[in-house]
Visitor: 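Next up is a structure, given as structure tokens.
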There are 2 protein chains.
Amino acid sequence: MPTKTSNMQIIKPANNKHTIRCQDCRIKQLCLPVMLAESEVAHLDTIVHRGRPINKGQHLIQAGDSFNGVYAIRSGSIKAYTISVDGLEQITGFYLPGEIIGFDAISSGFYPGFAKALETSAVCEIPFERLESLAAEIPGLQRQIFRTMSDEIVKDQDLMLQLNKKSAEQRFGSFLVNLSFRFGRRGLSSQRFRLPMARSDISNYLGLAVETISRLIAQLQDDGLVSIQKREVEILDMNKLSVLAGTSCHQ
Amino acid sequence: MPTKTSNMQIIKPANNKHTIRCQDCRIKQLCLPVMLAESEVAHLDTIVHRGRPINKGQHLIQAGDSFNGVYAIRSGSIKAYTISVDGLEQITGFYLPGEIIGFDAISSGFYPGFAKALETSAVCEIPFERLESLAAEIPGLQRQIFRTMSDEIVKDQDLMLQLNKKSAEQRFGSFLVNLSFRFGRRGLSSQRFRLPMARSDISNYLGLAVETISRLIAQLQDDGLVSIQKREVEILDMNKLSVLAGTSCHQ
DNA sequence: CGTGGTTTTGAACAATCTCAAGAGTTGTGG
DNA sequence: CCACAACTCTTGAGATTGTTCAAAACCACG
């Protein structure tokens, strides 16, 4: 199968160009190395595979692939989605630099969903068996894996609440506030940022129609809370937006 | 504070009556001991606290309590829920024997939500720091914790899909099929079982109105798929119900 | 400078909610 | 053991949010 594009082939063996050590990684505070001693980070670094960047639209993970590891996003952005038996696509999350995708595959040994690059992105593949062994040796690493998975659970439960109990306006407001928080955490502006995803991805994620997102954007602009030109977002009144969203900064 | 009912006080020191060792536990195949050698189970057993059963309506976990451990359900059933800033309750899951609650507290160090007994229930408290240490020594245990947390993520993502993309009928159908599966897995009948929760809990969990649940029950009975008398469920046509639900057995 | 995808806007429609009221159930105290 | 109070559940009818369908404007990219 020369044209097969499984994740194992996308992630090419590391070469100099794409090899940035964990120790030197800009976003190590957001990733597994947080809380580790320098020597421990170096140890972790030895098991990480880095490949060439994956292009927009390319799949990092295909549903049904057997689980070999988790992927830390180094740059770019990834959307994770599942497809139900009746063919409906459901986006389960957007992953930004420092965030890790693939923990949902541990239980069954197969990735339950897809992961696709929203733009050119660099990811670090972390083989899970080796990560497990290392976690048994480095308590801080084990702890950080538990934390990251726990974060994922909290994020999903918060989204559940959004979908169940909040209006379209509140959902979209929360979405913007949450993105703003995650950009700010990386040292980027939390006032101005670029949406990496299409309107249809936002609507899918939030359980709304694309048209509803368009209308909400128009409305929030009329109210002077935000300014959104294409994918460029400027948050004009974070307080009002947070109140409207009914959240602090998580969603 | 003599009337305070924090989780630490609910779980009384073990006594003979409530001390069932992990090795002898009926549901060890569904719980952390699965995959462990006998001696490893014995080791795990030494860190588990078992208390007297908690009564219906009593809280096992209060939101904001500091994280000390996870709880394995031994008997009964527990509902987990969060309360949003504007006071809305959102049930995030129902936990049955063999299932473990509390992993969402690892990331922040505080339980983000509440856990309340739907009926008299017995739980095993597993202090997390000790569990971490033990997990570092017993690879199978570490693996099983990862699996359990991964399961939780998958469960939440599936529910997300339900809430976003499925009709009220499909959601309720999936809910029944999923419960059926979980009862069957415990060796109980998957055809006939008793709902541990009220209609309002089901509606809250599924993002519907109570009235909608009532109407759906009436409808599914008219169609001859199920028979539901009060909380006693009998599934009359599992095939049709599964097709309607659009799932195999997970939700 | 077309072609295909994305975004916006309008208008009618539908699924589910809300409100309201009644029936059934459970628990409690006299 | 009965009666009252408090829930829980069911059923009906109208209201509403967000959807669907349709079409035009905009953009990106070859």
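Labels below follow one simple rule: chain letters A, B, ... track the order of the sequence lines, proteins then strands, and each chain is numbered from 1. None of these values were measured; they are calculated from a predicted model.
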Visitor: If I take atom CD1 from residue B:Ile202 and atom CG from residue B:Leu176, how far apart are they, to the nearest 0.5 angstrom?
Guide: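 The distance works out to 7.0 Å.
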Visitor: Measure from CD on B:Glu232 to P on D:dT8 and round the result to the nearest Å.
Guide: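 One finds 18 Å between P of D:dT8 and CD of B:Glu232, rounded.
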Visitor: Compute whether any side-chain donor of one residue and acceptor of the other, for B:Ser77 and B:Glu119, lie under 3.5 angstrom apart.
Guide: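 Yes.
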Visitor: Can you tell me how far CG of A:Leu220 sits from CD1 of A:Ile228, rounded to the nearest 0.5 angstrom?
Guide: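 It is 7.0 Å, given to the nearest 0.5 Å.
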Visitor: Counting primed atoms plus P, OP1 and OP2 as sugar-phosphate and everything else as base, spell out the protein contacts along nucleotides 17-23 of chain D at 4.0 Å heavy-atom distance: B, S or - for each nucleotide, 5' to 3'.
Guide: -SBBBB-
Visitor: Do side-chain atoms of A:Ser200 reach the backbone of A:Val210 as a donor and acceptor pair under 3.5 angstrom?
Guide: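 The answer is no, because no donor-acceptor pair under 3.5 Å joins these two groups.
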Visitor: Do the side chains of B:Ile217 and B:Phe172 get nearer than 4.5 Å, heavy atoms only?
Guide: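 The answer is yes, as the side chains (C-beta and beyond) meet within the 4.5 Å cut-off.
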Visitor: Determine the minimum heavy-atom distance between A:Asp201 and A:Phe94, stating which atoms define it.
Guide: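 The answer is O-CZ, 3.7 Å.
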Visitor: B:Ile217 has an atom CD1; how far is it from atom C1' of D:dT10, in whole Å?
Guide: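 Interatomic distance, CD1 of B:Ile217 to C1' of D:dT10: 10 Å.
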Visitor: Taking the axis from the first five pairs and the axis from the last five, what angle separates them in the helix from C:dC1-D:dG30 to C:dG30-D:dC1, rounded to 10 degrees?
Guide: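 If I round to tens, the end axes sit 50° apart.
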Visitor: What is the distance, rounded to the nearest whole Å, between atom CD1 of B:Ile213 and atom C1' of D:dT11?
Guide: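 Checked: the CD1 to C1' distance equals 15 Å.
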Visitor: Using salt bridge (charged side-chain N to carboxylate O under 4.0 Å, His left out) as the criterion, point out the one residue from A:Arg182, A:Arg74, A:Lys79 that pairs with A:Glu99.
Guide: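 Of the listed residues A:Arg182, A:Arg74, A:Lys79, the salt bridge (charged side-chain N to carboxylate O under 4.0 Å, His left out) partner of A:Glu99 is A:Arg182.
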Visitor: Quick check for you: name the first and last nucleotides of DNA chain C, 5' to 3', having an atom under 4.0 Å from a heavy atom of chain B.
Guide: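 Answer, 5' to 3': C:dT16 to C:dT26.
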Visitor: Expressed in angstrom and rounded to an integer, what is the separation of B:Leu195 atom CG from D:dC9 atom C1'?
Guide: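 To the nearest whole Å, that distance equals 13 Å.
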Visitor: On a heavy-atom basis, which atom in A:Asn164 and which in B:Tyr205 lie closest, and how many Å separate them?
Guide: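 Distance-wise, the nearest heavy atoms are ND2-O, 3.1 Å.
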Visitor: Hey, could you give me the CD1/CG distance between B:Ile213 and B:Leu206, rounded to the nearest 0.5 Å?
Guide: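 Going from the CD1 atom of B:Ile213 to the CG atom of B:Leu206 covers 5.5 Å.
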Visitor: Are there more than 12 heavy atoms of other residues, nucleotides or ligands under 6.0 Å from atom NZ of B:Lys165?
Guide: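 Yes, because the 6.0 Å sphere around NZ of B:Lys165 holds more than 12 heavy atoms from other groups.
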